[in-house]
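Notes follow the structure.
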Amino acid sequence: MSQNPTYPNAPLIEAVFEIRFPGEPAIECHRDRFFQLIRAEYKNVWVPTLREGQAPALEPYQFKSDDGFCSVLAAINRFGFSPKKYEGFERFKSEALRLIGLFASSYEIRKVKEDGFEVY
């Protein structure tokens with residue numbers, strides 16, 4: 001039996017990968033840079049609905065797949081990836097790392113706050 005089996009009926013309903021980092025104004029000004037890189041897979045854009053007192057830059061845009069099973073979130077100080085169809089850790093990790101690599105290179109993000117994790 002493999003160490004990371006893929007189950008026919010996934011035990012997870014949704015998996016979430018999210019990182020936070022010091023705010024980068026280029027993200028707010030140029031959301032299109034990252035969107036152009038992922039548009040083929042995540043072409044649906046959901047803009048946040050704001051309530052009084054919320055800062056628009058801190059609320060993430062969501063880029064969703066056509067089937068609605070995967071979302072990518074981007075805000076001035078955070079990034080997230082969330083598939084609602086979990087296909088095993090290796091697949092999840094591969095897509096999360098691919099997306100964070102594209103995002104980080106789009107805005108020259110070098111360090112993430114949590115655990116000294118570095119993205120190059």
Side-chain angles (χ1 to χ4, degrees):
M1 184 165 137
S2 100
Q3 288 183 309
N4 294 314
T6 301
Y7 298 100
N9 297 315
L12 293 177
I13 295 171
E14 182 175 8
V16 178
F17 168 79
E18 184 173 303
I19 60 170
R20 293 179 186 257
F21 45 87
E24 172 53 59
I27 296 166
E28 178 69 10
C29 298
H30 300 285
R31 293 183 197 264
D32 60 308
R33 288 181 191 167
F34 178 61
F35 181 53
Q36 290 303 324
L37 298 173
I38 64 167
R39 177 180 234 141
E41 303 105 339
Y42 302 95
K43 59 184 84 170
N44 300 299
V45 180
W46 290 25
V47 178
T49 303
L50 301 175
R51 293 184 303 274
E52 187 176 335
Q54 285 182 297
L58 298 176
E59 298 304 317
Y61 274 43
Q62 288 187 52
F63 305 105
K64 292 187 172 255
S65 60
D66 272 344
D67 61 11
F69 284 117
C70 285
S71 295
V72 179
L73 289 80
I76 195 169
N77 65 346
R78 67 181 161 143
F79 170 88
F81 168 61
S82 177
K84 291 183 180 167
K85 188 176 184 181
Y86 187 72
E87 298 178 307
F89 179 71
E90 289 305 316
R91 181 119 186 225
F92 173 78
K93 179 175 110 177
S94 174
E95 183 65 352
L97 290 175
R98 181 184 80 86
L99 291 167
I100 192 58
L102 292 172
F103 183 77
S105 66
S106 295
Y107 305 110
E108 298 183 24
I109 296 168
R110 295 290 175 238
K111 287 200 176 205
V112 183
K113 284 183 179 179
E114 310 210 44
D115 300 324
F117 180 74
E118 295 182 14
V119 179
Y120 293 99

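Nothing fancy with the numbering, it's 1 onward along the sequence. Keep in mind that this is a model prediction, so the values were computed, not measured.
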Tell me every residue that passes side chain to side chain contact (heavy atoms under 4.5 Å, CB included) with Leu102, counting only those two or more places apart in sequence or in another chain. Phe34, Leu37, Ile38, Arg98
Taking only residues two or more places apart in sequence or in another chain, which ones pass salt bridge (Lys or Arg N to Asp or Glu O under 4.0 Å) with Glu59? none
Using the salt bridge (Lys or Arg N to Asp or Glu O under 4.0 Å) criterion, which residues pair with Lys43? Sequence neighbours excluded. Asp66
Under the side chain to side chain donor-acceptor pair (under 3.5 Å) test, which residues partner Ser71, sequence neighbours left out? Lys64
Taking all non-hydrogen atoms of both residues into account, name the closest pair between Pro56 and Leu50 and its distance. CG-CD1, 3.5 Å
Identify the heavy atoms of Ala75 and Phe103 that sit nearest to each other, and give their distance. O-CZ, 4.3 Å
So CG of Leu73 and CH2 of Trp46: to nearest 0.5 Å the spacing works out to 11.0 Å
Any donor-acceptor N/O pair, Tyr42 side chain to Val45 backbone, under 3.5 Å: no
Test item: Ser82 side-chain N/O and Ala15 main-chain N/O as donor-acceptor pair under 3.5 Å: yes
Could you give all pairs that pass the salt bridge (charged side-chain N to carboxylate O under 4.0 Å, His left out) test and reach residues 67-79, with sequence neighbours left out? Glu18-Arg78
Give every residue pair that meets the salt bridge (charged side-chain N to carboxylate O under 4.0 Å, His left out) criterion with at least one member in residues 21-36, sequence neighbours excluded. Glu28-Arg31
Phe79 and Phe17 aromatic ring geometry - parallel, tilted or perpendicular at 30°/60° bounds: perpendicular
Only counting residues at least two apart or in another chain, list the ones meeting ring-ring contact (aromatic ring centres under 6.0 Å, His included) with Phe35. Phe63
Sorted by chain and residue number, the ring-ring contact (aromatic ring centres under 6.0 Å, His included) partners of Tyr61 (sequence neighbours excluded) come out as none
The remaining residues in the hydrophobic cluster of Ile76, counting side-chain heavy-atom contacts under 4.5 Å among Ile, Leu, Val, Met, Phe, Trp and Tyr, are Leu58
